[in-house]
Amino acid sequence: NSQHLQGMEEATAVKMIGQGLVDGGVMTQSEGIFVEGCIALVKDSLSLANEAVNEVPPMLGYPLKETAESEAGAKIVEDGFEEIVVAVLKAHSEGELEAAVKE
């Protein structure tokens with residue numbers, strides 16, 4: 001149930017959700033910074049781990065390439081957005097982001 005998933009150790013929940021994404025045909029691998037980033041965006045809204053199979057695909061369908069190539073998107077990319085995303089995902093996967101929030 002939701003409380004069980006929410007009360008689960010972060011690494012265990014990520015592993016369970018990641019495997020569900022692979023089993024559901026959404027991802028080809030159950031671990032990694034991209035998978036962790038997707039899970040971080042949906043984890044709090046899940047009641048069951050396998051619900052991520054329905055939550056993640058709409059995010060992946062976002063027209064990122066078209067947005068990045070647009071005038072407004074190009075400015076965001078030029079402003080270093082990629083470096084920020086990489087740093088946030090790295091901090092999350094290493095537990096630094098969660099520790100900072102708790103402080």
Under a 4.5 Å side-chain heavy-atom rule over Ile, Leu, Val, Met, Phe, Trp and Tyr, are V77 and Y62 clustered together?
no
Which atom of P57 lies closest to which atom of A52, heavy atoms considered:
CD-O, 4.0 Å
List in chain and number order the residues that pass side-chain contact (heavy atoms from CB on, under 4.5 Å) with P63, two or more places apart in sequence or in another chain; answer none if no residue qualifies.
E66, T67
Show which residues join L89 in its hydrophobic cluster (side-chain heavy-atom contacts under 4.5 Å, direct or indirect), or state none.
I33, I76, F81, V85
Does E82 have more than 12 heavy atoms from other residues, nucleotides or ligands lying within 6.0 Å of its CD?
no
Considering only distance and modelled atom types, tabulate donor-acceptor pairs under 3.5 Å from the side chains of residues 13-23, sequence neighbours left out.
from: Q19; atom 1: NE2; to: D23; atom 2: OD1; distance (Å): 2.8

Of all heavy-atom pairs linking C38 and M27, the shortest is SG-CE, 3.7 Å
To check you understand the geometry: which heavy-atom pair defines the closest contact between Q29 and V35, and what is its length?
O-CG2, 3.4 Å
